[in-house]
Amino acid sequence: MTSAASQAIPATMENFTVGLIGMGDMGKMYARRLSAAGWRIMACDRDDKYDALVEEFSNNNKVQILRNGHLVSRASDYIIYSVEAASIGRVVAQYGPSTKLGAIVGGQTSCKDPEIKAFEEHLPPDVDIVSCHSLHGPNVDPRGQPLVLIKHRASDASFAKVETVLRCLHSKVVYLTAKEHDRITADTQAVTHAAFLSMGKAWHANKQFPWEGARYVGGIENVKINLMLRIYAQKWHVYAGLAILNPEAHRQINQFAKSTTELYYLMLEGRADELRERVYAAKEKVFGKENSPKWGDRPLLKDDVLDRFSLGKKPDSPLPNNHLSLLAMVDCWSALGIVPYDHMICSTPLFRLWLGVAEHLFRDRGLLDDCLRVGIEDHTFRRDDLQFTIAACGWAECVALRQFETWRQRFAVTQEFFEPRFKGAVEMGNEMIKAVLESEKK
Ligand SMILES: NC(=O)C1=CN([C@@H]2O[C@H](COP(=O)(O)OP(=O)(O)OC[C@H]3O[C@@H](n4cnc5c(N)ncnc54)[C@H](OP(=O)(O)O)[C@@H]3O)[C@@H](O)[C@H]2O)C=CC1
Ligand SMILES: O=C(O)C(=O)Cc1ccc(O)cc1
């Protein structure tokens, strides 16, 4: 055992085994990080991935790949289910009864309501339940990122064991109940994703790669484009799961669609005074009054971060934009009484970037007034805004009706449209997130 490993593992837990059911992106990330800290891991995915996983982890003597979740459950002291949120009920029903006597079980799914229900229904009563959620993607360094821990049904001793195991991630632990978790992630993740998913659909509908041409290059546009591509480059089920299965998320996504539609109508009908009044009222509710703002002295995002990461060439005079997506986001927070700063301890990098961009726009009266003027006078973006509005309503309807398959298809066609550009864009998105994380440390 390395010295780092021996530091991480107390003598009383030397034979403690962590089980991972689901070896996709998150399961593998946990397997690598926990085993590097010295923990013994038993892991499985579906049977048809057994050989490939054995090969992939052949040089890691701390990770043992097994054929299925029964074998993992029987032999592990702390089992983490890291499968699709929509499958958690089925998978726990299958393997839960095989859980080792007195073990601890948790899950990594992004939405805790179905996960906890599955555990309560299918785990033997002698098993403790402690769930977790790393609030970042598998390629983000977990150091300093929020890690939610949920002590749902567990002794203090079991909970302390989970804390000891996950300490090697060096994340910032946030203690919540399952309900609090779902409420906060609905406010942060689900509604943020709705904005980017809608942007992608709008650009796709108008058949444009937004970074090609003068309309969408530089500043705020860089963040929109990079994050939109980052989301469409991922697996659909992650986003569908956390929107559709989170009972708290439906209201938020619906309000985002409503805010988008109502602001769009005001622009379309040239109702400048009403638009201004509404946006400034939302600003005050979300960001505070002029003399007592809720934002810090220092902006969340520096201008150079906004401009540094561009997929296109910055034109001499970029066209101004009304930023309907950002106005709608702030209107939505305002309508629901959400103060995004209250959720910072439990936020993803993507949410912090999105809030940073909103703040950037709303901190600068000149920029905001320009948006409102463009929204009324300039018709350059009308088509995109129409498509954005349609898309936001489409996602909201799909979520409200719990239409997984329609959701998948809506995502897949747009994913296919942007696919040729993912490679460079995902790298750029990673760099952008890294730069923001670095600047947060300063
Ligand atoms: N990706 C992210 O950024 C984050 C994701 N999460 C959550 O973590 C969970 C996992 O996500 P992620 O790793 O990205 O998704 P992946 O699709 O990469 O991984 C899930 C894995 O579980 C496997 N699986 C499904 N059923 C079984 C089964 N019966 N036995 C064993 N393995 C099974 C899947 O196989 P198959 O593909 O064949 O179904 C797949 O390989 C999700 O609930 C997600 O919401 C949490 C934080 C961040
Ligand atoms: O940062 C985001 O919102 C992401 O897109 C990555 C992500 C996806 C799912 C999670 O449960 C947590 C993080």
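Please read all numbers here as calculations on a predicted model, not as lab measurements. Whatever order the structure lists ligands and atoms in, that order sets their numbers, starting from 1.
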Chemist: Give me the residue, atom name and distance of the protein heavy atom closest to atom 33 (C) of ligand 1.
Modeler: Val83 CG1, 3.8 Å

Chemist: Can you tell me which residue and heavy atom of the protein come closest to atom 45 (O) of ligand 1, and the distance to 0.1 Å?
Modeler: Ser110 OG, 2.6 Å

Chemist: Looking only at protein heavy atoms, which one is nearest to atom 5 (O) of ligand 2, and what is the separation?
Modeler: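 Sorting protein heavy atoms by distance from atom 5 (O) of ligand 2 puts Tyr239 OH, 3.0 Å first.
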
Chemist: From the options Met29, Arg46, Arg90, Lys28, select the one whose nearest heavy atom is closest to atom 27 (C) of ligand 1.
Modeler: Arg46

Chemist: Within a distance under 4.0 Å of any heavy atom of Val238, pick out the atoms of ligand 2 and give their elements.
Modeler: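 That gives atoms 8 (C), 9 (C) of ligand 2.
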
Chemist: Could you tell me whether some N/O pair between Lys235 and ligand 1 is separated by less than 3.5 angstrom?
Modeler: yes

Chemist: In terms of residue, atom name and distance, what is the protein heavy atom nearest to atom 3 (O) of ligand 2?
Modeler: His193 NE2, 2.8 Å

Chemist: Pull out every atom of ligand 1 sitting under 4.0 Å from any heavy atom of His237, numbered as shown with elements.
Modeler: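 Selected atoms, number and element: 15 (O), 16 (P), 17 (O).
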
Chemist: Should the pair Arg408-Glu405 be classified as a salt bridge under the 4.0 Å nitrogen-to-oxygen rule?
Modeler: yes

Chemist: Heavy-atom contacts with His133 under 4.0 Å: which atoms of ligand 1 show up? List them by number with element.
Modeler: 46 (C), 47 (C)

Chemist: So which protein heavy atom does atom 8 (O) of ligand 1 come closest to, and at what separation?
Modeler: Gln108 O, 3.5 Å

Chemist: By number and element, which atoms of ligand 1 are closer than 4.0 Å to a non-hydrogen atom of Ser82?
Modeler: 10 (C), 20 (C), 21 (C), 22 (O)

Chemist: With heavy atoms only and a cut-off of under 4.0 Å, state how Gln234 meets ligand 2: side chain, backbone, both or neither.
Modeler: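 None of Gln234 does.
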
Chemist: Do the side chains of Glu121 and Lys117 get close enough for a salt bridge, i.e. N-O under 4.0 angstrom?
Modeler: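 Here Glu121 does not pair with Lys117 in a salt bridge, since their nearest N and O are not under 4.0 Å apart.
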
Chemist: Considering Ala240, Gly137, Pro138, which one's heavy-atom position lies nearest to atom 1 (N) of ligand 1?
Modeler: Pro138

Chemist: Is a donor from one side chain sitting under 3.5 angstrom from an acceptor on the other, for Ser110 and Gln189?
Modeler: no

Chemist: Is Val91 touching ligand 1 with its side chain, its backbone, both, or neither, if touching means heavy atoms under 4.0 Å apart?
Modeler: side chain

Chemist: For ligand 1, which atoms, with element, lie under 4.0 Å from some heavy atom of His136?
Modeler: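 Listed by number with element: 47 (C), 48 (C).
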
Chemist: Hey, does Ile21 come in under 3.5 Å of ligand 1, counting only N/O atoms on both sides?
Modeler: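 So ligand 1 has no N or O lying under 3.5 Å from an N or O of Ile21.
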
Chemist: Under 4.0 Å from any heavy atom of Ser134, which atoms of ligand 1 are there?
Modeler: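 Ligand 1 atoms under the 4.0 Å threshold to Ser134: 47 (C).
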
Chemist: What is the distance from atom CH2 of Trp39 to atom OH of Tyr30, rounded to the nearest 0.5 Å?
Modeler: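 Here the interatomic distance stands at 14.0 Å.
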
Chemist: Strictly by modelled atom types, are Ser98 and Arg74 linked by a side-chain donor-acceptor pair under 3.5 Å?
Modeler: no

Chemist: Give the atoms of ligand 1, by number and element, whose distance to some non-hydrogen atom of Gly22 is under 4.0 Å.
Modeler: 22 (O), 32 (N)

Chemist: What's the spacing between Arg421 CZ and Phe209 CZ if we round to 0.5 Å?
Modeler: 6.0 Å

Chemist: When you check the gap from the basic side-chain N to the acidic O, do Lys151 and Asp128 get nearer than 4.0 Å?
Modeler: no

Chemist: Tell me: protein heavy atom nearest atom 6 (C) of ligand 2, and distance?
Modeler: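 Result for atom 6 (C) of ligand 2: Gly137 N, 3.9 Å.
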
Chemist: Applying side chain to side chain donor-acceptor pair (under 3.5 Å), run through Asn68 and Gln94 and close with a yes or a no.
Modeler: CA-CA 10 Å; Asn68 60 52; Gln94 201 179 356; over 6 Å; no

Chemist: When only distance counts, is Ser110 in polar contact with ligand 2, meaning an N/O pair under 3.5 Å?
Modeler: yes

Chemist: Quick one: sort the Tyr341 and Phe287 rings into parallel, tilted or perpendicular, breaks at 30° and 60°.
Modeler: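 If you compare the ring of Tyr341 with that of Phe287, the planes turn out perpendicular.
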
Chemist: Which distance, rounded to the nearest 0.5 Å, do you find between the CG of Leu135 and the CZ of Arg352?
Modeler: 9.0 Å

Chemist: Between atom NE2 of His152 and atom CD of Glu120, what is the distance when rounded to the nearest 0.5 Å?
Modeler: 3.5 Å

Chemist: Hey, is Glu427 close enough to Lys423 for a salt bridge, meaning N to O under 4.0 Å?
Modeler: yes

Chemist: Does any donor atom in the side chain of His204 or Thr414 lie under 3.5 Å from an acceptor atom in the other side chain?
Modeler: yes

Chemist: Nearest protein heavy-atom contact for atom 39 (O) of ligand 1: which residue, which atom, what distance?
Modeler: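 The protein heavy atom lying closest is Glu84 OE2, 2.7 Å.
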
Chemist: Is Gln208 close to Asp384 at the side-chain level, that is, under 4.5 Å between some pair of heavy atoms?
Modeler: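 Touching, per the 4.5 Å side-chain cut-off.
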
Chemist: May I ask whether Arg230 places a heavy atom under 4.0 Å from ligand 2?
Modeler: no

Chemist: Against heavy atoms of Ala85, which atoms of ligand 1 measure under 4.0 Å?
Modeler: 43 (O)

Chemist: Atoms of ligand 2 less than 4.0 Å from His133 heavy atoms?
Modeler: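 Those of ligand 2 that fall under 4.0 Å from His133 are 10 (C), 11 (O), 12 (C).
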
Chemist: Looking at atom 41 (O) of ligand 1, what's its closest protein heavy atom, distance included?
Modeler: Asp45 OD2, 2.7 Å

Chemist: What atoms of ligand 1 come closer than 4.0 angstrom to any heavy atom of Lys49?
Modeler: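 Counting from 1, the qualifying ligand atoms are 34 (C), 35 (O), 36 (P), 37 (O), 38 (O), 40 (C), 41 (O).
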
Chemist: With heavy atoms only and a cut-off of under 4.0 Å, state how Phe351 meets ligand 2: side chain, backbone, both or neither.
Modeler: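 Phe351 to ligand 2: no contact under 4.0 Å from either part.
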
Chemist: OG1/Thr348 to CG/Leu353 distance, rounded to the nearest 0.5 angstrom?
Modeler: 9.0 Å

Chemist: Counting heavy atoms only, which of Gln189, His70, Met26 is nearest atom 11 (O) of ligand 1?
Modeler: Met26

Chemist: Is Lys112 salt-bridged to Glu115, going by a charged N under 4.0 Å from an acidic O?
Modeler: yes

Chemist: What is the nearest protein non-hydrogen atom to atom 12 (C) of ligand 2, stated with its residue, atom name and distance?
Modeler: Gln189 NE2, 3.1 Å

Chemist: Nearest to atom 19 (O) of ligand 1, what protein heavy atom do you find, and at what distance?
Modeler: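 Looking only at protein heavy atoms, the one closest to atom 19 (O) of ligand 1 is Gly24 CA, 3.2 Å.
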
Chemist: His136 versus ligand 2: do any nitrogen or oxygen atoms come within less than 3.5 Å of each other?
Modeler: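 Looking only at distances, the answer is no, because the N/O contact criterion of under 3.5 Å is not met.
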
Chemist: With a 4.5 Å heavy-atom cut-off, do Leu20 and Ser82 have their side chains touching?
Modeler: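 No, side chains not in contact.
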
Chemist: Under 4.0 Å between a side-chain nitrogen and a carboxylate oxygen: does that hold for Lys235 and Glu84?
Modeler: no

